[in-house]
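In what follows, a single structure is set out as structure tokens and then discussed.
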Amino acid sequence: MKLIVYLNTQYHLVKMNAYDHKKIEKKWQSEWAKKKIFVAKEKSQKKKCYVLDMFPYPSGEGLHVGHPKGYIATDIFSRMKRMQGFSVLHPMGFDAFGLPAENYAIKTKTNPAVGVARNVKRYKEQLAIFGFDYDWGREINTTDPEYYKWTQWIFLQMWKKGLAFESYEPINWCPSCKTGLANEDVENDGTCERCGTKVEKKPMRQWVLRITDYAEKLLSGLDEKDAEGNLYVQWPESIKELQRNWVGKSEGALVKFKIKDSEDFIEVFTTRIDTIFSGTFLILAPEHPLLEKYAPIISNKKEIIAYQKKTAEITEIDRTNATREKSGVLINGLIVINPATGKEMPVWIADFVLAQYGTGAVFADAHDRRDFDMAKKYNIPLAVSIRPATGGNVESVKSLTECFEGDGILFNSGEFDGLSSETARGKITAWLDSKGLATPKIQYKLKDWVYSRQRYWGEPIPLIHCEKCGVVAVPEKELPVKLPKVKKYEPTGTGESPLSAIDSWVNVKCPKCKGKAKRETNTMPQWAGSSWYHLRYTDPKNTKKFADPKKEKYWMPVDLYVGGAEHATRHLIYARFWHRFLFDCGYVGTPEPYKKYQYVGLIMAEDGRKMSKRWQNVVNPYEIIALYGADSMRLYEMFMGPFDQAISWNTNSMIGSRRFIERVWKLCQTMHEKDIHIKSTGTVLPSYFHRTIKKVGEDIESLKYNTAVSTLMMCLNEMESDSEVGKKQCELFLQILAPFAPHVTEELWRLFGNKKSIHVSDWPLFDPNRISESRLNIPVQINGKVRATIIADATAGEEKIKELALEDPDVAKWLVGKKVIKVIYVKGRLLSLVLA
RNA sequence: GCCGGGAUGGCGGAAUUGGUAGACGCACACGACUCAAAAUCGUGCGGAGUAAUCCAUGGGAGUUCGAUUCUCCCUCCCGGCACCA
């Protein structure tokens, strides 16, 4: 309310030169487009800078004030780089395959492409209002056949290298979406990420990408350096840590437990082979394949099948819930031999053992909480072989009243008694290895990527199933395999894609033998298109090649990548995987795609919750821009707080950045009208100006936009009371403000008579020798408390400062009757006196 | 439970990485201008005290001449992972 009154009064006072953001912003946006100043060019002699935003999904709902935050940040960064003489690539596009568009199509019975086109158009109109410096000539859309031709092509390269395989294992199945989901698409509570329905397990033929083959490279790539010793991946350490945890490397051993009266072994992966002497039983995942193989000798099959059924009904998340009580079933008839002790061990199944991790089998002992609890519940014999190295209650460990899980000292372990857990692991592995019963093994948490979706709105998987030849690739010259028009977009519910209902599309000739064959009807997940889009921007119009190597080499890697923290694992892992693969094949010149990555802190609503229709707390950016202008909006979002931190929106605070812009406007108008140039000082700039240029440049470089803006505000405060300020200083100020507030600075820049855009002008330089003041303010501490401040010449040394301090009356009064026993001088910063 | 990030005035935040705590902005108060209001400009603005001064960066200890910053313990908040063998 207050704000509307404020702005209305402004318009009552409209003068010839009043600041009219609406007029100015529109004018310069069309002028920049006309002059093509943001078009990216490959210029061999220039330094390059590739700035990338995570491209949006063009949803039907409008933008809220939080969405543009990241875009503003990259816009500021790329504008500064352009002014600093870099050849800048700052593109934008749309990630438009996926469920929302498909669900909308089902509801409206229209082709999803129609809705996508409309949303893209609207999205672009909305982005335009902010004045972003995108090179729209490179716009991409993942649903464009010219784009997904290459998504399919990359998939084929992977398939040819054996990285894509069919799997019939049970997959996550959403009964509502009627489609399979990757583990990563299932929420923590076992529900579908999209619709919230409880996810079930259902066996289904799927295409899976062998991302686990790249586990080691995804891990080591985080610390890999180029020839000059620079890290390929210069991300925040916390994000790297997230990726390391996602890959989840653990080193251990594969141990063989011989099955009694059989030649077979059960293989177990363990990281705690030091506990093997206390292994008294074995636990298999209920889905373990050996159960079927040994069915004839198992006497309690019914019980086992019942347990298997029960297990299938609960999600993996529930199975791995620490608070659930342990349960299991003894397999009657199956006995294995402990390779270390030679003793017989019964075999159980339990749902907390997962088939997908390790070998789907564990050996159990008293040194694991889960095993311990299960043994106590079913009265399974336990043994101990590790005691705490120091402290701890050894007796309660030995008497099995306490479960000791840590590393310690071995006992009851034959020749390994007395060794520490760590040493013992290597020695025991070697000992069993020599008997052919164990091998060192590295295991990863990372799971292979379930890649197919039984959906319409995705890239068709370019494979053909031939009765004679098996799976055959669609020849490259026939790509793209275009999505055919269908009548119904609904999932079939049988697990097959709607594409399977189109006989004319499905039935083809085998490319190899020309016999009868059928197309693969699964489509790719939404992650596919976003796993390589950074490459497409380097050469978006090339229909003949995946990318022009010259252009690709020129722009890659991405110098700055900005997007949501929620993508820190999935998207960034997938994109790194694809890029690594393409690098290994020689299609790209860089091992890692994104050099710098910074995540955006969410903008929350004023009530502290996430902005959502549901809470009715969404702030519409276009209402804000209509009132305050895009420049004020941009400035405010950057000034709010640290860029990577979540922060609540506060419309009241918007007024500050609007006032700031108006004061810049007023100052420049005054200089212009009165034609004030630099006075006596000529071209010499005051030191605060040098400091501002330095600080703003450094802050933009490291995305510390909040302090960059406050530095600009301080500079303006100084300028307003500085009689030496003229047009020249105003121009320099406009230049360093230009990335933040591109429209108003352009208007004033031209007002001063400049013919070319401020955004292609040269970024101002500062003089390092003029950064510091000629006079120093030195605080004087006495016993750690500041008691006085002395003013000294900048050239004054320690002796001079000390002398001045002792003369100072505020200091002197504390010295009465005391002795100075220690003097600490921090150069140019502080003097500390310690009194006895 | 584990890992990571936090906690600073009425509010958002700053602090050169161990050196004047509260920059910059919002809000608020007073003053100028105005018939009046808004806008604008100026002044003030952590708490206590007339003042000297004292207290104060979630709480408690420690290291140091000096701690928002480092160490240890505790409380709370936010993210991520979670029976991973």
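Every chain is numbered from 1 and lettered A, B, ... according to where its sequence line falls, protein lines coming before strand lines.
- Spacing of P atoms, B:rC78 relative to B:rG18, comes out at 30 Å, to the nearest Å.
- Here A:Val353 lies in heavy-atom contact (under 4.0 Å) with a base.
- A search for side chain to side chain donor-acceptor pair (under 3.5 Å) contacts involving A:Tyr444 returns A:Glu216, not counting sequence neighbours.
- Separating the CZ atom of A:Arg659 from the C1' atom of B:rG25 is a distance of 9 Å, rounded to the nearest angstrom.
- Checking the phosphate oxygens (OP1, OP2) of B:rC65, a side-chain nitrogen or oxygen of A:Lys822 falls inside 4.0 Å.
- The stretch residues 233-245 of chain A comes close to RNA chain B through A:Ser238, A:Leu242, each having a heavy atom under 4.0 Å from the strand.
- Applying the side-chain contact (heavy atoms from CB on, under 4.5 Å) test to A:Pro621 and every residue at least two apart in sequence or in another chain returns A:Leu63, A:Val65, A:Phe130, A:Met633.
- Going from atom CG of A:Leu572 over to atom P of B:rG80 covers 15 Å, rounded to whole Å.
- As a whole-Å value, the separation of A:Tyr19 OH from B:rU40 P is 15 Å.
- In this structure, the side chain of A:Asp351 does not engage the main chain of A:Pro286 through any donor-acceptor pair within 3.5 Å.
- A:Phe352 has its side chain within reach of A:Asp371: a pair of non-hydrogen atoms, C-beta onward, lies under 4.5 Å apart.
- Protein atom CD1 of A:Ile655 is 12 Å distant from nucleotide atom C1' of B:rU40, rounded to whole Å.
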Evaluate side-chain contact (heavy atoms from CB on, under 4.5 Å) for A:Leu382 paired with A:Asp365, printing each intermediate quantity in order. CA-CA 6 Å; A:Leu382 277 172; A:Asp365 54 51; 5.6 Å; no

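- Classification of B:rU57 as anti follows from a glycosidic angle more than 90° from 0.
- Taking atom C1' in both B:rG79 and B:rG10, the straight-line distance is 28 Å, to the nearest Å.
- Using P as the reference atom, B:rG6 and B:rA15 are 13 Å apart when rounded to the nearest Å.
- Take A:Glu798 and apply the side chain to side chain donor-acceptor pair (under 3.5 Å) test, not counting sequence neighbours, and it matches no residue.
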For nucleotides 43-57 of chain B, 5' to 3', base contacts (B), sugar-phosphate-only contacts (S) and non-contacts (-) with protein non-hydrogen atoms under 4.0 Å give ----------SSS--

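- Atom P of B:rG5 sits at a distance of 42 Å from the matching atom of B:rU43, rounded to the whole Å.
- Residues passing the ring-ring contact (aromatic ring centres under 6.0 Å, His included) test with A:Tyr636 are A:Trp649, sequence neighbours excluded.
- For A:Phe269, the ring-ring contact (aromatic ring centres under 6.0 Å, His included) criterion is met by no residue, not counting sequence neighbours.
- Glycosidic conformation at B:rG9 (O4'-C1'-N9-C4 for purines, O4'-C1'-N1-C2 for pyrimidines): syn, within 90° of 0.
- Within the structure, salt bridge (charged side-chain N to carboxylate O under 4.0 Å, His left out) pairs that include any residue of residues 713-722 of chain A comprise A:Arg663-A:Glu720 (at least two apart or interchain).
- The distance between atom CG of A:Leu712 and atom P of B:rA23, rounded to the nearest whole Å, is 18 Å.
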Residues 701-710 of chain A, side-chain donor-acceptor partners within the protein, below 3.5 Å, at least two apart:
| unit_1 | atom_1 | unit_2 | atom_2 | d |
| --- | --- | --- | --- | --- |
| A:Glu701 | OE1 | A:Lys81 | NZ | 3.1 |
| A:Glu701 | OE2 | A:Lys81 | NZ | 3.1 |
| A:Ser702 | OG | A:Glu698 | O | 2.9 |
| A:Tyr705 | OH | A:Ala73 | O | 2.8 |
| A:Thr707 | OG1 | A:Asp699 | OD2 | 2.8 |
| A:Thr707 | OG1 | A:Lys704 | O | 3.1 |
| A:Ser710 | OG | A:Thr707 | O | 3.1 |

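- B:rC24 and B:rC77 have their P atoms separated by 34 Å, given to the nearest Å.
- Atom CD in A:Gln669 sits roughly 16 Å away from atom C1' in B:rU40 (whole-Å rounding).
- Looking only at side-chain heavy atoms (C-beta outward), A:Met54 and A:Tyr599 stay at 4.5 Å or farther from each other.
- Straight-line distance between the C1' atoms of B:rC45 and B:rA23: roughly 15 Å, to the nearest whole Å.
- Nucleotides B:rC81 and B:rC74 have their P atoms positioned 26 Å apart, rounded to a whole Å.
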With B for base contact, S for sugar-phosphate-only contact and - for none (protein heavy atoms under 4.0 Å), nucleotides 8-19 of chain B reads ----BSS-B--B

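- Taking atom CZ of A:Arg369 as the reference point, atom C1' of B:rG1 lies 12 Å away to the nearest angstrom.
- Put simply, the side chain of A:Ser648 never gets that close to the backbone of A:Met604: no donor and acceptor are under 3.5 Å apart.
- The closest side-chain donor-acceptor pair between A:Ser327 and A:Tyr307 falls under 3.5 angstrom.
- A:Ile273 is listed as a side-chain neighbour of A:Leu432, based on a closest heavy-atom distance under 4.5 Å.
- A:Ser278 is linked by a side chain to side chain donor-acceptor pair (under 3.5 Å) to A:Ser385, counting only residues two or more places apart in sequence or in another chain.
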Run A:His690 and A:Lys694 through side-chain contact (heavy atoms from CB on, under 4.5 Å) and show every step you take. CA-CA 6 Å; A:His690 289 279; A:Lys694 178 172 190 275; over 6 Å; no

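- Taking a pair as Watson-Crick or G-U wobble with both distances under 3.5 Å, the runs of three or more consecutive pairs in RNA chain B are B:1-7 with B:75-81, B:10-12 with B:24-26, B:28-32 with B:40-44, B:46-48 with B:53-55, B:58-62 with B:70-74.
- Along RNA chain B, the nucleotide nearest to A:Ile782 and the one nearest to A:Val786 differ in position, and the one closer to the 5' end is contacted by A:Val786.
- The gap from the C1' atom of B:rA21 to that of B:rG66 amounts to 13 Å, rounded to the nearest Å.
- To the nearest angstrom, C1' of B:rC26 lies 11 Å from OH of A:Tyr628.
- Residue order along RNA chain B, read from the 5' end via each residue's closest nucleotide, puts A:Asn717 first among A:Phe269 and A:Asn717.
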